Amino acid sequence: NEILRLETISKAYTSGAGRRVQVLDAADLCVNAGEIVGLVAPSGAGKSTLLHIAGLLDNADSGRVYISGVDTSQQSDRRRTATRRNDIGFVYQFHHLLPEFSALENLMLPQMANGRSKATAEARATELLASVGLEARGHHRPAEMSGGEQQRVAFCRAMANAPKLLIADEPTGNLDPETAERVFVTLVKLVRETGLAAVIATHNHELAARMDRQLSLSGGKLIPL
Ligand code: ADP
Ligand code: ADP
């Protein structure tokens, strides 16, 4: 059950000095439902670029991105945006929760933006928070929570619209090792429960080693580790 497929994805940037940098060079990737793929490579190797393209936030220079078998490169911008909102959840190094809203509200807003009623959104938000052990934090704002708690809420938000694919860029990069461990375990539990496909970029080799598959980026290509 293939969720994400990247075919011969290439992307180059032109640096300030006018030098062309080929960040991705015919990179291929396939991720199935229920599979957690770790992306481990040094800073500057192109992880964020790859994740942005896989998450339909950025376009490749060439190549194709399939989500659930649909070639998104053939879709209109509007259609791609809809696919991104419905099918893909994002988590970053920093939580990016809305500071003036409670945890529950942060999980309800994206659902209501996708057409869910307030009551349905609140029920799902409550259930998600409970699944990561934060049932008592629903009415707290992000600033009233610890870094690990904030990051667990960010995972819940990524899951709020029941995506098929989770994309995480250094999700534990800002946490101390113990907190990173707990947050990682929660993430794996969420992914396993929902049968999601996940691609997680990390500098943490220990965590990556516990994923289903590890890939690195070298010479603009994805290679098994
Ligand atoms: P990226 O995911 O592309 O590394 P981030 O937003 O996580 O970017 O980090 C911002 C900057 O900090 C980047 O230029 C990156 O090179 C650097 N950086 C991020 N994490 C680390 C790390 N663990 N060690 C060294 N440099 C890092
Ligand atoms: P990583 O996430 O592995 O740290 P990135 O994908 O962020 O790597 O960056 C890969 C390379 O592409 C780096 O050399 C970075 O400086 C360059 N780069 C990334 N985004 C841009 C951009 N918008 N414009 C120019 N260069 C970029």
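Atom set for the values below is all heavy atoms of this structure, side chains included, hydrogens, waters and symmetry mates excluded. For reference, positions follow the sequence shown, starting with 1. Atoms within each ligand, like the ligands themselves, are counted from 1 in listed order. On a predicted model such as this, the values are computed, not experimentally measured, just so you know.
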Participant: Strictly by modelled atom types, are Asn86 and Asn114 linked by a side-chain donor-acceptor pair under 3.5 Å?
Facilitator: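 Looking only at side-chain atoms, Asn114 and Asn86 do form a donor-acceptor pair, the distance falling under 3.5 Å.
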Participant: With heavy-atom distances below 4.0 Å as the criterion, list the atoms of ligand 2 near Ser43.
Facilitator: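 Counting atoms of ligand 2 from 1, those under 4.0 Å from Ser43 are 4 (O).
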Participant: If you count the atoms of ligand 2 from 1 in the order shown, which ones are under 4.0 Å from a heavy atom of Val23?
Facilitator: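 By the 4.0 Å cutoff, the relevant atoms are 10 (C), 11 (C), 12 (O).
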Participant: Checking contacts here: is it the side chain or the backbone of Pro42 that comes within 4.0 Å of ligand 2, counting heavy atoms only? Could be both or neither.
Facilitator: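 Backbone only.
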Participant: From the options Leu39, Thr49, Val21, select the one whose nearest heavy atom is closest to atom 9 (O) of ligand 2.
Facilitator: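 Result: the heavy atom closest to atom 9 (O) of ligand 2 is in Thr49.
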Participant: Within a reach of under 6.0 Å around CZ of Arg80, are more than 12 heavy atoms found that belong to other residues, nucleotides or ligands?
Facilitator: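 Enclosed.
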Participant: Evaluate Gly44 for polar contact with ligand 2, using N/O atom pairs at a separation under 3.5 Å.
Facilitator: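 Yes: some nitrogen or oxygen of Gly44 is under 3.5 Å from one in ligand 2.
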Participant: Classify the angle between the aromatic ring planes of Tyr92 and His96 as parallel (below 30°), tilted (30 to 60°) or perpendicular (above 60°).
Facilitator: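 If you compare the ring of Tyr92 with that of His96, the planes turn out perpendicular.
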Participant: Check each atom of ligand 2 against the heavy atoms of Ser48 and keep those under 4.0 Å away; list them by number with element.
Facilitator: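 That gives atoms 1 (P), 2 (O), 6 (O), 7 (O) of ligand 2.
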Participant: Would you please test Glu135 and Arg137 for salt bridge (Lys or Arg N to Asp or Glu O under 4.0 Å) and show each step?
Facilitator: CA-CA 6 Å; Glu135 49 277 269; Arg137 292 292 198 205; over 6 Å; no
Participant: Would you say Thr14 and ligand 2 have an N/O pair spaced under 3.5 Å apart?
Facilitator: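 Thr14 vs ligand 2: no N/O contact under 3.5 Å.
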Participant: Under 4.0 Å from a heavy atom of Lys47: which atoms of ligand 2 are those, numbered in the order shown and with their elements?
Facilitator: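 Near Lys47, meaning under 4.0 Å from one of its heavy atoms, ligand 2 has 1 (P), 2 (O), 3 (O), 4 (O), 6 (O), 8 (O).
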Participant: Do Asp169 and Ser48 have side-chain atoms, one donor and one acceptor, less than 3.5 Å apart?
Facilitator: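 Yes - a donor-acceptor pair under 3.5 Å links their side chains.
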Participant: Report yes or no: do Asp71 and Ser73 form a side-chain donor-acceptor pair below 3.5 Å?
Facilitator: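 A pair is found: one side chain offers a donor N or O, the other an acceptor, under 3.5 Å apart.
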